[in-house]
2 protein chains.
Amino acid sequence: MIFRGRFEYTIDPKGRVNIPAPFRERLQETGQEAFVITNYSGCIYAYPADDWARIEEKLSAVSSVDRKLNTFLRFFVGGAVEVVPDKQGRILVPPSLREYAGLEKDLVITGMPNRFEIWSREKWMEEIGRFEKEGFEDPELEREIKSLRI
Amino acid sequence: MIFRGRFEYTIDPKGRVNIPAPFRERLQETGQEAFVITNYSGCIYAYPADDWARIEEKLSAVSSVDRKLNTFLRFFVGGAVEVVPDKQGRILVPPSLREYAGLEKDLVITGMPNRFEIWSREKWMEEIGRFEKEGFEDPELEREIKSLRI
DNA sequence: CCACCTTTCCCCACAATTACCCACCTGCGG
DNA sequence: CCGCAGGTGGGTAATTGTGGGGAAAGGTGG
């Protein structure tokens, strides 16, 4: 499921974050009501619950004694929470995720091919700035983008 | 059974540790009430009792005279204790495990694909710090994560 | 075998957090 | 000018987490 668009909101003192109306509709179209959010890349990844379930299946295959991958799982699965938007369309972001993503006041929510992402406005500016400045000068990245054939 | 989420608690002077409410519910859904906890990777692994039973079956296959694997078993099986949450949802962590995992005050409990883990906050920070800082710079780990296709 | 000390179990009570309401404000279209 | 949809703020009740007391169980030494 693809999500499109960029939205700017605020997080309130209780840790509630509004989900863009189009994204909520998108979820309901598929008969779902829950998202799973987790931490990665300095922001919060949000997947429709069904899609997350498929990810979990893949993650379950990792051995309990695989040092490296378990370190990754601790972070990725440990960050994951299922959330259901309230009557106003907001979700409650747990303190650990709020802290990780540095969510304090102004947020940016951006659509992505199989999920959407919640950023603090500050980190968002950095991330985008990084691409605009360095992105075009990184030959390897340019090659990878080209190979997408778009 | 997958456990999701990261929770921060404290261990009290009696050695009692709160189990996250969602994890307790998860256990009850399967008609169980006990966990088995043991020591590994600098933290405490906690499995639903039924899942631990399956692990024990596999461990039973190890020969009594297999030096190397028996060394592992002494540690892994020797550390294992069955625990049942009290009315408030807490378990009592035996002194030996408390000492092994360095549990003194602040704890982090993290969900994992087939278990959850109890960490001292300090060790948790080290473990996660290692991933956040070096994780993305470790080509082998990056390759392994990519190969999960998530 | 008994007495004592320590640890564990089972309550109760309070504090903090979360879930679930309802109300308002603002911008846009009819 | 009104109605509606989308976004923000707050109150209250229920749930969850933390601390502590006292009884029961277990272990140790005389």
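Order of the sequence lines sets the chain letters (A, B, ...), proteins ahead of strands, with each chain counted from 1.
Other cluster members for B:V36: A:V65, B:Y40, B:Y45, B:Y47, B:W52, B:I55, B:L59, B:V62, B:L69, B:F72, B:L73, B:F75, B:F76, B:V77, B:Y100, joined by side-chain heavy-atom distances under 4.5 Å among Ile, Leu, Val, Met, Phe, Trp and Tyr. When hydrophobic side chains of Ile, Leu, Val, Met, Phe, Trp and Tyr are connected at separations under 4.5 Å, A:V108 ends up clustered with A:W119, A:W124, A:M125, A:I128.
Scanning for side-chain contact (heavy atoms from CB on, under 4.5 Å) contacts around A:S60 gives B:P113, with sequence neighbours left out. Scored by the salt bridge (Lys or Arg N to Asp or Glu O under 4.0 Å) test, A:E8 finds A:R121 as partners (sequence neighbours excluded). Under the salt bridge (Lys or Arg N to Asp or Glu O under 4.0 Å) criterion, B:E57 pairs with no residue, sequence neighbours left out. Considering only residues two or more places apart in sequence or on other chains, B:R54 meets the side-chain contact (heavy atoms from CB on, under 4.5 Å) condition with B:D51. In this structure, the side chain to side chain donor-acceptor pair (under 3.5 Å) partners of B:D12, at least two apart in sequence or on a different chain, are B:R16. Under the side-chain contact (heavy atoms from CB on, under 4.5 Å) criterion, A:K58 pairs with B:R149, B:I150, not counting sequence neighbours.
When heavy atoms are screened at a 4.0 angstrom cut-off, A:E8 is found touching no nucleic acid atom at all.
Rounded to whole Å, atom C1' of C:dT18 lies 16 Å from atom CD of A:E82. Atoms CG (A:D12) and C1' (C:dT18) sit 12 Å apart, rounded to a whole Å.
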**OP:** Using a 4.0 Å cut-off on protein heavy atoms (strictly under), produce a 5'-to-3' string for nucleotides 20-30 of chain C with B for base contact, S for backbone-only sugar-phosphate contact, and - for none.
**Re:** BBBB-------
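Taking the six-membered ring for Trp and the full ring otherwise, the centers of B:F23 and B:F35 sit at least 6.0 Å from each other.
Of the residues in residues 91-106 of chain B, B:L92 come within less than 4.0 Å of DNA chain C through at least one heavy atom, sorted by number.
A side-chain hydrogen bond (donor to acceptor under 3.5 Å, both in side chains) check over residues 73-87 of chain A, counting only residues at least two apart or in different chains, returns the pairs A:R74-B:E117, A:R74-B:E127, A:E82-B:R4, A:D86-A:R90.
In summary, contact between chain B and DNA chain D, defined as any nucleotide atom under 4.0 Å from a heavy atom of the protein, begins and ends at D:dT16 to D:dG22 in the 5' to 3' direction.
Each of A:A21 and B:P22 has a nearest nucleotide on DNA chain D; the 5'-most of these lies closest to A:A21.
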